[in-house]
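Below is one structure, written out as structure tokens; comments come after it.
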Amino acid sequence: MRTLIHQVLQREEPLDEVQVAGWVRTRRDSKTFSFLELNDGSCMQNIQIIADSDLDSYGDVEKLSTGASAEITGKLVPSQGKNQKWELLATEVRLLGACPDDYPLQKKGHSREFLRSIAHLRPRTNLFSAVFRVRSRLAYAVHQFFQERGFIYVHTPIITGSDCEGAGEMFRVTTLDPHAMKPQKDENDFFGTPTYLTVSGQLEGETFACALSNIYTFGPTFRAENSNTSRHASEFWMIEPEMAFCDLQADMQLAEDMVQYLIKDTLTHCEADLKFFNQFVDKGLLERLQHVIDNEFKRLPYTEAVEALINSKQKFEYPVEYGLNLQSEHERYLTEVHFKTPVTVCDYPKEIKPFYMRRNDDDKTVAAMDLLVPGIGELVGGSQREERIDVLEGNMAQHDLSMEDYGWYHDLRKYGSVPHAGFGLGFERLIMFVTGVSNIRDVIAFPRTPGSAGF
RNA sequence: UCCUGCAUAGCUCAGCGGUAGAGCGGGUGGCUGUUAACCACUAGGUCGUAGGUUCGAAUCCUACUGCAGGAGCCA
């Protein structure tokens with residue numbers, strides 16, 4: 001019976017017999033024995049194995065090159081060496097899969113670009129195994145956060161007929177012949193109507209919030225935008241809570257609580273991995289994360305954000321002026337330089353926000369909010385939704401949205417309308433923030449970006 | 001989509017008009033309770049592709065392709 005290396009290395013007492021299995025990181029031969037470093041991905045550390053040349057199975061040891069897989073049984077004893085507490089004195093070594101010398105992963109560092117080209121092997125590196133352990137823990141913590149607060153997990157559709165206006169270009173889902181010379185009618189398509197991969201589950205999520213009160217979605221979303229940046233991917237995961245009987249203040253509070261909760265959870269449960277990131281990826285990471293959980297987030301209206309930017313006398317490439325969207329450089333200045341802490345900006349001019357956001361009493365702004373964090377920029381975008389049927393109808397007319405397409409959304413206001421609010425949080429951006437990894441392609445197992453969908 | 005930069009050995013890079021280099025990795029041998037082990041030897045390249053300038057191009061010019069960083073869009 002095999003034991004995970006993670007569990008073996010946590011032992012307080014020696015063991016007469018234990019079996020581990022994994023992939024060889026390196027082998028160092030001595031005259032009468034070999035040192036093996038074995039890793040099984042259960043934790044950052046390798047287990048050091050001493051394989052004596054007297055072993056019946058020493059023939060297998062000599063075939064254990066970097067990358068080979070093996071199953072090793074032995075005695076766990078305190079190590080004579082300096083760099084590890086325990087080592088395994090092998091009694092039996094069994095080669096499972098040999099690894100030819102064209103194995104692309106070396107003991108030395110590789111560039112991220114090269115590792116992306118071997119995305120099927122990169123989880124075997126320290127960096128990527130750590131990223132994906134943290135990703136797994138964060139996903140678990142997301143569910144824990146919402147479940148502890150009585151939120152219901154709703155699975156909104158991946159294939160959708162609605163286009164969640166304003167959220168970006170969509171991928172068409174169709175069974176029509178792409179090589180057909182003649183135009184084909186949508187009625188002949190699989191669903192009898194044009195369908196797409198979802199860009200957001202928000203509108204569907206609202207229908208469930210207006211029945212189950214507090215809900216959240218957590219799943220893949222798709223954008224066909226031709227975005228070529230380190231923060232955008234064509235397929236990414238999004239967390240979208242939606243709360244009935246809720247205003248923007250409570251919405252912002254939930255977003256801020258959630259970010260702090262998730263960071264605390266990761267600091268507690270992924271300590272070794274975060275230390276690794278702090279040492280090799282981003283030297284200021286632990287300090288920054290600690291700062292985020294120890295301090296309240298700065299909260300201010302868009303109008304004050306614009307004033308702060310103008311008063312800063314900072315030179316920006318793009319102009320700062322009431323009524324214009326905040327650019328990346330503005331957002332990053334606010335969170336990285338001006339306040340040096342996560343910042344939630346709210347109450348944006350209605351002209352620059354989508355139709356479903358709730359009009360404020362000033363008739364100029366809407367109850368929208370963006371949560372900005374250092375190094376990433378926008379992590380969360382959310383709003384209180386327009387629950388007044390007449391105002392929503394006006395907005396729909398202004399945006400040329402038909403009752404045919406949005407009738408069901410309009411119905412939520414027609415039948416027992418309630419104030420409600422929610423937000424979307426990009427899961428990969430959260431992982432980037434927590435790990436310090438600066439490219440979204442390195443926190444997704446097999447990233448999809450324009451012109452690239454390998455594996 | 002725009003702007004900028006890069007493309008040389010399996011990997012990371014140097015060379016920047018005059019006979020293609022290093023480190024790591026691989027192979028062989030040695031040494032050692034080692035730990036990104038160490039020492040010696042060795043194999044390995046149409047210098048991204050296609051044109052052009054030149055006596056001569058990895059090196060200069062043009063186009064294309066790919067990649068990266070930034071911008072826009074957003075999460």
Over how many whole Å does the gap from [X] atom [atom1] to [N] atom [atom2] extend?
X: A:Glu225; N: B:rC2; atom1: CD; atom2: P; answer: 15 Å
X: A:Lys31; N: B:rG33; atom1: NZ; atom2: P; answer: 9 Å
X: A:Leu326; N: B:rC74; atom1: CG; atom2: P; answer: 12 Å
X: A:His330; N: B:rA71; atom1: NE2; atom2: C1'; answer: 12 Å
X: A:Asp52; N: B:rG33; atom1: CG; atom2: P; answer: 13 Å
X: A:Ile118; N: B:rU12; atom1: CD1; atom2: C1'; answer: 14 Å
X: A:Glu62; N: B:rG27; atom1: CD; atom2: P; answer: 13 Å
X: A:Glu242; N: B:rA75; atom1: CD; atom2: C1'; answer: 16 Å

Fill in: Under-3.5 Å donor-acceptor pair between A:Arg231 side chain and B:rA75 base
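Flag unset: no donor-acceptor pair detected.
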Worksheet item: So does A:Ser227 reach the base of B:rC74 with its side chain, donor to acceptor, closer than 3.5 Å?
Response: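 Looking at the base of B:rC74, it does not pair with any donor or acceptor on the side chain of A:Ser227 (distance under 3.5 Å).
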Discussion item. If you assign A:Ala233 and A:Ser328 each to the RNA chain B nucleotide with the nearest heavy atom, which residue ends up on the more 5' nucleotide?
Written reply: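 The residue whose closest nucleotide sits nearer the 5' end is A:Ser328.
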Practice prompt. Select from A:Phe427 and A:Pro104 the residue whose nearest nucleotide in RNA chain B is closer to the 5' end of that strand.
Written response: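 On the 5' side of the pair lies A:Pro104.
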Output the residues of [range] in contact with RNA chain B, where contact means a heavy atom of the residue under 4.0 Å from an atom of the strand; sort by number or write none.
range: residues 246-264 of chain A; answer: none
range: residues 295-304 of chain A; answer: none
range: residues 437-449 of chain A; answer: A:Asn439, A:Ile440, A:Arg441

Any salt bridge linking [X] with [Y]? Criterion: basic side-chain nitrogen under 4.0 Å from a carboxylate oxygen.
X: A:Arg385; Y: A:Asp247; value: no
X: A:Arg149; Y: A:Asp257; value: no
X: A:Glu351; Y: A:Lys364; value: no
X: A:Arg358; Y: A:Glu387; value: yes
X: A:Asp442; Y: A:Arg116; value: yes
X: A:Lys275; Y: A:Glu271; value: yes

Nucleotide nearest [X] when distance is taken to its side chain, options [options]:
X: A:Glu113; options: B:rU1, B:rC11, B:rC67; result: B:rC67
X: A:Arg429; options: B:rC74, B:rC67, B:rC11; result: B:rC74
X: A:Ser111; options: B:rG69, B:rU12, B:rG33; result: B:rU12
X: A:His232; options: B:rG70, B:rA71, B:rC73; result: B:rC73
X: A:Asp101; options: B:rC73, B:rU34, B:rG27; result: B:rG27
X: A:Gln106; options: B:rC24, B:rA75, B:rU34; result: B:rC24
X: A:Tyr318; options: B:rU12, B:rA71, B:rA75; result: B:rA71
X: A:Arg116; options: B:rA71, B:rA75, B:rA68; result: B:rA68

Rounded to whole angstrom, note down the [atom1] distance from [N] over to [M].
N: B:rA43; M: B:rU1; atom1: C1'; value: 47 Å
N: B:rU8; M: B:rG21; atom1: C1'; value: 10 Å
N: B:rU28; M: B:rG15; atom1: P; value: 34 Å
N: B:rA20; M: B:rG25; atom1: P; value: 27 Å
N: B:rG5; M: B:rC60; atom1: P; value: 13 Å
N: B:rA7; M: B:rU49; atom1: C1'; value: 11 Å
N: B:rG26; M: B:rU19; atom1: C1'; value: 27 Å
N: B:rG72; M: B:rC16; atom1: C1'; value: 35 Å

Worksheet item: Which of parallel (below 30°), tilted (30 to 60°) and perpendicular (above 60°) describes A:His143 and A:Tyr153?
Response: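 Rings of A:His143 and A:Tyr153: perpendicular, as their planes differ by over 60°.
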Worksheet item: Do the ring planes of A:Tyr406 and A:Phe355 sit parallel (below 30°), tilted (30 to 60°) or perpendicular (above 60°)?
Response: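 Judged by the thresholds at 30° and 60°, the geometry between A:Tyr406 and A:Phe355 is perpendicular.
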Item to complete: Calculate, to the nearest 0.5 Å, the distance between atoms CG and CD belonging to A:Asp347 and A:Gln384 respectively.
Response: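 The distance works out to 10.0 Å.
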Worksheet entry | Gap between atom CG of A:Asp273 and atom OG1 of A:Thr266 - 0.5 Å precision |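 Result: 10.5 Å between the selected atoms.
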Worksheet item: Whom does B:rU34 pair with, Watson-Crick or G-U wobble, provided both distances fall under 3.5 Å?
Response: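 Base partner found: none.
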Discussion item. I'd like to know if the side chain of A:Thr217 reaches the main chain of A:Val154, judged simply by a donor and an acceptor atom lying under 3.5 Å from each other, with no hydrogens or angles considered.
Written reply: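 Not a single qualifying donor-acceptor pair exists.
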Fill in: Summary of side-chain hydrogen bond (donor to acceptor under 3.5 Å, both in side chains) pairs that have at least one residue in residues 229-239 of chain A, sequence neighbours excluded
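Sorted pair list: A:Thr229-A:His232, A:His232-A:Arg429.
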Side chains of residues 7-18 of chain A: which donor-acceptor pairs under 3.5 Å do they make with residues two or more places apart or in other chains?
unit_1  : atom_1 : unit_2  : atom_2 : d
A:Arg11 : NE     : A:Glu13 : O      : 3.2

Discussion item. Regarding A:Thr3 and A:Gln19, do their side chains bring together a donor and an acceptor under 3.5 Å, going by distance alone?
Written reply: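 Side-chain D/A pair, A:Thr3 to A:Gln19: absent.
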Would you list the protein and nucleotides 35-39 of chain B atom pairs, both N or O, that sit under 3.5 Å from each other?
unit_1 : atom_1 : unit_2   : atom_2 : d
B:rU35 : O4'    : A:Arg28  : NE     : 3.3
B:rU35 : O4'    : A:Arg28  : NH2    : 3.2
B:rU35 : O2     : A:Gln48  : OE1    : 3.4
B:rU35 : O2     : A:Gln84  : OE1    : 3.0
B:rU35 : N3     : A:Gln84  : OE1    : 3.4
B:rU35 : N3     : A:Gln84  : NE2    : 3.3
B:rU35 : O4     : A:Lys82  : N      : 2.6
B:rA36 : N3     : A:Lys107 : O      : 3.2
B:rA37 : OP1    : A:Lys107 : NZ     : 3.3
B:rA37 : OP2    : A:Arg28  : NH1    : 3.1

Worksheet item: Can you name the one residue among A:Arg441, A:Arg448, A:Arg135 that meets salt bridge (Lys or Arg N to Asp or Glu O under 4.0 Å) with A:Glu428?
Response: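 Single pass found, and it is A:Arg135.
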Discussion item. Quick one, A:Ile72 with A:Glu92, criterion side chain to side chain contact (heavy atoms under 4.5 Å, CB included). Give me CA distance, side-chain angles, the key distance, then yes/no.
Written reply: CA-CA 6 Å; A:Ile72 292 153; A:Glu92 196 192 342; over 6 Å; no
Practice prompt. Evaluate the criterion side chain to side chain contact (heavy atoms under 4.5 Å, CB included) for residue pair A:Glu331 and A:Glu378; output intermediate values, then yes/no.
Written response: CA-CA 8 Å; A:Glu331 295 181 340; A:Glu378 186 178 340; 4.2 Å; yes
